[in-house]
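Residue numbers start from 1 in every chain, and the chains themselves are labelled A, B, ... in the order their sequence lines are given, proteins ahead of strands.
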Amino acid sequence: MSLIKTDKLSFDYIRRDEEGNVEAIVRAVDEVSLDIEQGDFIAILGHNGSGKSTFSKHLNAILMPTEGTVWVDGKDTGDSDNLWAIRETAGMVFQNPDNQIIGQIVEEDVGFGPENLGVETKEIWQRVEESLKAVGMWEYRKHSPNKLSGGQKQRVSIAGVLAMHPKCIVLDEPTAMLDPNGRYEVIRAARALNEVEKVTVILITHYMEEVIFADKVFVMDKGHIAMQGTPREIFSRVEELKAIHLDVPQVTMLAHELKKRGLNIPDGILTTEELVEALKKIR
Amino acid sequence: MLRDITLGQYYQADSVLHRLDPRVKLIGTIAYIIALFMCTNVWGYLAVTVFLCSIIVISKVPVKFMLKGMKAILFLIIITVCFNMFMTQGEVLVSFWRLKITKEGLIVAAKMAIRLSYLIIGSSLMTLTTTPNQLTDGLEKLLGPLKKIHMPVHEIAMMMSIALRFIPILMEETDKIMKAQMARGANFDTGNIFQKAKSLVPLLVPLFISAFRRANDLAMAMEARCYKGGESRTKMKPLKYQGRDIAGYLILVGFVAAVVATRWIP
């Protein structure tokens, strides 16, 4: 069975007035069914308000589906007995690095998760060391998180989740508040986890450049899955992406425009090197 | 940089006192304060002074850091001294207008001044040699037995450490909001006290909103990391008594006994 499976998952935000009467119901996620296999690097794309963050919060039972079901590692998230097991299986990194670091020293923050799981003191230290080394923050273990850069803070947050030994890490727009350098650091750390530690990574983002390494991309729009496929398949459909207010990476756009003007270039160019190769062939 | 401020007033140094278990230091401070108020004669004060001086030497903290804490209560000491000096009845030494300074008054005032300043120096020694984190850990462990009567000890300790973590962040945020408001013509510095207080409203409102948002985010992040309260939680840095901590307790017992003993010295 796949690691994560959702079946017709829907979620409503209900706004109530002061007396508690329902004022408005907003359907944030609408009948999403998908499968995520163990070991994959998955990207979920979507512009603001597409429901991607709401969807991601279902993956470790922070939100419960209004309709439909989510299974994480075969466990139904709607069953409250499964709550802690699910959160142990699927870790989560949030957008704002300042608001998710609990410890006053880097190593204490990474130890927070294992402490909650009731891991032995000696093993906590082992896990902290492994996790900090995996994200390249071991030298900063004695620092105060307040003195780190945004990218470093997010890597500490990733280490904090990693120390809980999850099967899967959900990164909910981890780079939205970072500068380009920090974004690069975080994405590199996430890819390393996937390739070296074999952790399933689910990256929620609206930056196109970050998804080109993914094994599979889901594009969300208005709560639905609008497209799914490999990055190459997705980026071949430039016009459709534009219709749902998503940009494609610059090279892909350039290749697309050149093709429209009659040059013989394949669809779904993802990197500058690929475009260079394609252009060389034409000459 | 606002983010560089150290909370409490921890002074980084490598001394036995710094390495001592926070529980020993907490209990020690309480024992010290009790001993201080049990002194009845010169010998008692002498014992306390010797103890305090040796602790200061051991701590390797410069004396001026301790005197800093004194500044805050200087006013309080002056008032106490004045009241004791003039209000105590007894053998009149000097008198002018309607005020009389008595011999007994002078003695009581001197005793009060010594007690208050020793109290401040002693307790600031504890905060100077213990990180806020160790303090909360120590408190949690010491108050542990109160869990039996349903005191949320772990929760209180957790709140304290989260507050400590977020104070610098919120201070930076205050600074940011203040600058943003100033850029749009807000004035925080002029006017009388009421106008100043009123000008803080546009600062406090966004600060509160952001603090609540942060609290919400943090709660979600903690839950996502399986935080479920103090039950069945293990510690990354558990407090364990070492040889030096036992020695510390023994010295404390000796000190209190010595001070109590001075009460029988005429």
Largest heavy-atom contact set with chain B, pairs under 4.5 Å, which of [options]:
options                                   : answer
Gly160(A), Gly91(A), Ser157(A), Pro114(A) : Gly160(A)
Leu83(A), Ile101(A), Val93(A)             : Ile101(A)
Gln100(A), Glu107(A), Gln95(A), Arg87(A)  : Arg87(A)

Inset, instruction - Taking the side chain as every heavy atom from C-beta outward, state whether Asn146(A) and Arg165(B) have any atom pair closer than 4.5 Å. - result: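 Yes, close enough: below the 4.5 Å cut-off.
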**Asked** Less than 4.5 Å apart, any side-chain heavy atom of Arg225(B) and any of Asp109(A)?
**Response**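 Contact flag for Arg225(B)/Asp109(A) side chains = yes.
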Item to complete: Quick one: closest heavy-atom pair of Cys226(B) and Met164(A), and the distance?
Response: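 So the two residues come closest at SG-CE, 3.7 Å.
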(request) Kindly give the heavy-atom pair with the smallest separation between Trp84(A) and Tyr227(B), and that separation in Å. (result)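 It is CH2-O, 3.5 Å.
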State whether the number of non-hydrogen atoms from other residues, nucleotides or ligands found under 6.0 Å of [X] atom [atom1] is greater than 12.
X         : atom1 : result
Glu139(A) : CD    : yes
Tyr207(A) : OH    : yes
Leu250(B) : CG    : yes
Arg19(B)  : CZ    : yes
Lys179(B) : NZ    : no
Lys176(B) : NZ    : no

Structural part of [X] lying under 4.5 Å from a heavy atom of chain B:
X         : result
Ile62(A)  : side chain
Lys57(A)  : side chain
Val170(A) : neither
Phe94(A)  : side chain

### Message
Please determine whether side chain to side chain contact (heavy atoms under 4.5 Å, CB included) holds for the pair Thr121(A) and Lys237(B), giving the CA-CA distance in whole Å, both sets of side-chain angles, and the decisive distance to 0.1 Å.
### Response
CA-CA 7 Å; Thr121(A) 302; Lys237(B) 297 173 175 170; over 6 Å; no
Part of residues 216-224 of chain B lying next to chain A, heavy-atom separation under 4.5 Å: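 Under the 4.5 Å heavy-atom cut-off, Asp217(B), Leu218(B), Met220(B), Ala221(B), Met222(B), Glu223(B), Ala224(B) qualify.
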Test side-chain contact (heavy atoms from CB on, under 4.5 Å) applied to Thr234(B) - qualifying residues, sequence neighbours left out |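 Thr234(B) satisfies side-chain contact (heavy atoms from CB on, under 4.5 Å) with Ile124(A) once adjacent residues are dropped.
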